[in-house]
Amino acid sequence: MNFKKLTLVAALAVTQAAAAVPAYAVPVSTAGVTGTVVSTAQAAQTSEAVVQPESTDPLPSEVPAGTVTPTATPNPGVTAEPAASAEPSASAAAASPDPAATATPVPAETAAPAATDGTVIQPQNTVNAVYGTAANQLILLMNSRQMYKNGTPYLANQPMAVKNGVSYVSIRAMVEMVGVSYTYEAKTKEVVVTKGSSVMRFKTDSKIYTVNGSQKTMKGPAYQFKGTFMVPLTSITAALNIPYTVDNVGKRVILTLNTKPTAIFSVQPTEIFAGQTYINYTTSSSSPNGTPIVEERWSDNKQDIYDQPGYYTVTYSVVDANGQVSDPYSVTIKVVQPNQPPVANFTTNKEEYKMGEPITLTDLSYDPENEELTAEWTNRALAFFNPGPVSIQLKVTDKHGLSSTFEKTINITSEQLYTQDEVAKLFTMPGDVISMDGGMIPGLPNLTYNLSSENYKLIRSNSPETVNQEGVLYRESSVGNTRFLVHHLNNMSTRQKLYVIATNNNLYPTTITTQYSGIAGPVTSPEYTGKISIQKYYNSMLTNEKYSTITLQPGESRAILTDINKIAMKPGEVLSLSADLFSDLTVDYNVVMVEESKDPIALLPTLPVLDRDGVHNRGTYPDSTRIITVNDVVGTTQAKLILGDNKNDLNLVGIDPMTGTEASNAGNFGVLYKIRFEHVAANTLITFNPRGGNYLGSLMVNNTIVNLPNKGSLSSSDMNAVVYRSGSYDSSVEIVFSVASGSNLPVNFVFTPLPALKQ
């Protein structure tokens, strides 16, 4: 055997021994010829351990993780600046499996000598011209073991290979070139790659890999060949977040490596006053390879407190243990003039008043920065009923906590104008509370009225009100006018989301029009969500702000009224929804509750339909808009209109579609009452009086929203919230009312003649 053949056999033995260990790379070198590299074509020919790919195009069917753009064919005739480097030892390089120890750049060479076996060797300057010296760039040659990092050539233990139309690379070659750590677990046949806080696991013969436990699917299964763990190129680049481009002309894959650390910071608070505000700088930095951050660098103008107003640009960067410096990150801080305290002030329309004489207060407070103020009154009243001096105070506070107080003293004479009861009835603002004897109200005569209805199908999803497991809370079909009342509490240990899912099972597209909608929560108070959802529902009637349309294609399911699932419900929180819709064809509706990360539409076929809780009501009810018209004159004597008692105002009767049983809408929750009084006498007071327990809600009077009440709740039958006060002439009044979820029925509207006005 001649010397040439002996040399080749020895080289093959070393190559195969290295391939048995999952190690990838040695720097390209040829014994006896220093400073030269094998040309691309010759390297592929001399790599006898290479398995020929199944296709000449290594990326015939893959979508790259990064942007794919064809690149121009490199020009070999361009001469690049030669790289200077120490001369490596070829034998030592081949023996070491550690790329950190062996990845030595090949020195520049001005000549192109021939190897002892006759192979033509390309000079380093030619390699640089073809494969470049760009920083943070890794180039893989298709169908070859050769790879170039920042212009320095390396050899992988296996070439890029195509298997079943999927391009594969050695995972160790990739991760070590990127500079992240990995281990191989022989027991599970998994490669574990760690990049910063992310842990990725690739398993032999599996198309699934995980990132911090979350499963991802690859285009093809990982496999082992001659001790080399091979994975799809698109998967490892996606896992390591490496963008790349494909040069099909030059048969190259060009990866852009990010080795710089990153640094950002934020500034709190957002409003900064000169000489007053202490600034908190919150920093965040990381290295793409998990390299420790060893130094922080700030610009000189970083200060905890700025004495003068103006704009200050602060710059921050970090340095990692490898000496890599992040790009600078800058924030411009706006420092404004020092915050000035507000000025409290008010006037009274007189300096002296009779007992029971109304007092008009005019708030003249202001803030130098024109910011909104919070007012707190002390000893404010509609009138006073004891003679002598009375001191009234007003304290105003801006949003930064600065405040001021103003005090004024008025005098009350011994002469009386009105009694306390007369003052309350004549001058209490709408939404505020006056007291009446609750025991006498049931004995008042009932108003007579004409009753009609509008055909709105009501879907009331309120049982189980307290939800203990994921599932379908309500299931119903509807066409035309449809009204929803949804009110549920999350009683599970995880965060849940509430959905209304619409499905078109027709042969034709159908359009759903949202007319009005009000959503409140999630919060822990059922009464609060009921009040706010109804309030928003009325407001949408006034503004049309919730009007929208969607079109469902045949067979399509989609979540509608999506404000209800924007925020997940924590354990113990409640959501309320009131909404009116219209569909031109029949739509199947499902109200469901599932854990916040789950897809409700995908789960819908497998979700159980939950049972009623036996306490609260659910059902589908026709004709849920009740129109009440009172033609008689009201207010000349005291009288009442009662709602929700199932005697004067009967419950809607419908069906529970999940069980097929009859349902009675106790309290008529979800019913929209449109009440018109054609003749309200002059000087008539209309109040709202709860009879079934605590009430917290609102209504509309002549297109004005009135709270029931403005503060607190109506907790006793002696409490009456002022709804409306007529003037000096007979007039008509329209009230729109719907019972707020979480409150109690029945309720009364009470009509009381007002006392005569005095001078």
> Does any N or O in the side chain of Glu190 come within less than 3.5 Å of the main-chain N or O of Val192, such that one atom is a donor and the other an acceptor?
Replying inline: no
>> Restricting to non-hydrogen atoms, name the atom on Pro153 and the atom on Tyr148 that form the minimum distance, rounded to 0.1 Å.
In response: CB-CE2, 3.2 Å
> Can you check side chain to side chain contact (heavy atoms under 4.5 Å, CB included) on Thr217 and Gln215, steps first, answer last?
Replying inline: CA-CA 7 Å; Thr217 302; Gln215 292 188 344; over 6 Å; no
> CD1/Ile264 to OG/Ser330 distance, rounded to the nearest 0.5 angstrom?
Replying inline: 13.0 Å
> Which heavy atom of Arg252 sits nearest a heavy atom of Leu141, and at what distance?
Replying inline: CG-CD2, 4.0 Å
>> With a 3.5 Å distance limit and no angle check, can you tell me whether Tyr281 reaches the backbone of Gln303 through a side-chain donor-acceptor pair?
In response: yes
> Hey, mind stepping through Thr315 and Trp298 against side chain to side chain contact (heavy atoms under 4.5 Å, CB included) and telling me if it holds?
Replying inline: CA-CA 6 Å; Thr315 301; Trp298 291 92; over 6 Å; no
> Is the Tyr306-Tyr312 ring centre distance short of 6.0 angstrom?
Replying inline: yes
> Do Gln224 and Thr204 have a side chain donor and acceptor closer than 3.5 Å?
Replying inline: yes
> Is the backbone N or O of Thr494 less than 3.5 Å from a side-chain atom of Asn490, with the two atoms forming a donor-acceptor pair by type?
Replying inline: yes
>> If you define the side chain from C-beta out and look only at heavy atoms, does anything of Glu595 sit under 4.5 Å from Arg495?
In response: no
> Would you call Glu271-Lys334 a salt bridge at under 4.0 Å N-O?
Replying inline: no
> Sub-3.5 Å donor-acceptor pair from the side chain of Lys251 to the main-chain atoms of Met142, do we have one?
Replying inline: no
>> Please report the interatomic distance OH(Tyr154) to CE(Met147), rounded to the nearest 0.5 Å.
In response: 10.0 Å
>> Centre-to-centre under 6.0 Å for Phe265 and Tyr329, is that the case here?
In response: yes
> If every non-hydrogen atom of Tyr209 is compared with every non-hydrogen atom of Ser235, which pair is closest and at what distance?
Replying inline: OH-O, 3.8 Å
>> Side chains of Gln268 and Thr270: any donor to acceptor distance under 3.5 Å?
In response: no
> Pick one: which of Leu498, Thr562, Asp563 meets side chain to side chain contact (heavy atoms under 4.5 Å, CB included) with Ile519?
Replying inline: Asp563
> What pair of heavy atoms forms the shortest contact from Pro522 to Glu573, and how long is it?
Replying inline: CB-OE1, 3.3 Å
> Does Ala173 offer a backbone N or O that forms a donor-acceptor pair with the side chain of Glu176 under 3.5 Å?
Replying inline: no
> Do the non-hydrogen side-chain atoms of Val331 and Ser266 ever get within less than 4.5 Å of each other?
Replying inline: no
> How far apart are the C-alpha atoms of Lys260 and Asp327, what are their side-chain angles, what is the distance that settles it, and do they pass the side chain to side chain contact (heavy atoms under 4.5 Å, CB included) test?
Replying inline: CA-CA 8 Å; Lys260 283 185 177 182; Asp327 291 330; 2.8 Å; yes
>> If we count only N and O atoms by modelled type, under 3.5 Å, do the side chains of Gln276 and His400 hold a donor and an acceptor together?
In response: no
> Do Asp320 and Val294 come within less than 4.5 Å of each other through their side chains, counting heavy atoms only?
Replying inline: no
>> What's the separation between atom CD1 in Ile236 and atom CG in Leu255, rounded to the nearest 0.5 Å?
In response: 10.5 Å
>> Treating Lys149 as the side-chain partner and Gln137 as the backbone partner, does any N or O pair qualify as donor plus acceptor under 3.5 Å?
In response: no
>> Measuring from atom OH of Tyr168 to atom OH of Tyr223, what distance do you get when rounded to the nearest 0.5 angstrom?
In response: 6.5 Å
> Got a sec, which residues hit side chain to side chain donor-acceptor pair (under 3.5 Å) with Thr194, two or more places apart in sequence or on another chain?
Replying inline: none
>> Just by distance, no angles: are the side chains of Ser214 and Asn212 close enough, under 3.5 Å, to form a donor-acceptor pair?
In response: no
> Between CG of Leu140 and CE of Met160, what distance do you get to the nearest 0.5 Å?
Replying inline: 5.5 Å
> When you look at Val180 and Val193, which way does the side chain to side chain contact (heavy atoms under 4.5 Å, CB included) test go after all the steps?
Replying inline: CA-CA 7 Å; Val180 299; Val193 179; 3.9 Å; yes
>> Suppose we screen for ring-ring contact (aromatic ring centres under 6.0 Å, His included). Which residues come up paired with Tyr499, at least two apart in sequence or across chains?
In response: none
> Shortest non-hydrogen contact from Gln340 to Pro368?
Replying inline: CB-CG, 3.6 Å
> Is any side-chain heavy atom of Val191 less than 4.5 Å from a side-chain heavy atom of Thr183?
Replying inline: no
> Looking only at atom types and distance, does a side-chain atom of Arg145 sit under 3.5 Å from a main-chain N or O of Ala156, one as donor and one as acceptor?
Replying inline: yes
> Quick one: does Arg201's side chain get under 4.5 Å of Glu185's, heavy atoms only?
Replying inline: yes
>> Using modelled atom types and a 3.5 Å cut-off, is there a donor and acceptor pairing between side-chain atoms of Thr237 and backbone atoms of Leu233?
In response: yes
>> How about NZ on Lys203, more than 12 heavy atoms from neighbouring residues, nucleotides or ligands closer than 6.0 Å, or not?
In response: yes
> Quick one: CZ on Phe273 to CG on Leu402, what's the gap to the nearest 0.5 Å?
Replying inline: 8.5 Å
> In this structure, are over 12 heavy atoms from other groups packed under 6.0 Å from Lys302 atom NZ?
Replying inline: yes
> Do you know which two heavy atoms are closest between Pro232 and Val166, and how far apart they sit?
Replying inline: CB-CG1, 3.8 Å
> Are Thr524 and Val574 side-chain neighbours, meaning at least one heavy-atom pair lies under 4.5 Å?
Replying inline: no
> Hey, is the main chain of Ile293 close enough, under 3.5 Å, to the side chain of Glu295 for a donor-acceptor pair?
Replying inline: no
> Looking only at side chains, do Thr262 and Ser326 share a donor and an acceptor under 3.5 Å apart?
Replying inline: no
> Can you tell me if Thr313 and Thr332 form a side-chain donor-acceptor pair at under 3.5 Å?
Replying inline: yes
> Do Met569 and Met492 come within less than 4.5 Å of each other through their side chains, counting heavy atoms only?
Replying inline: no
>> Just so I know, are the side chains of Thr234 and Lys219 near enough to count as touching, which here means a heavy-atom distance under 4.5 Å?
In response: yes
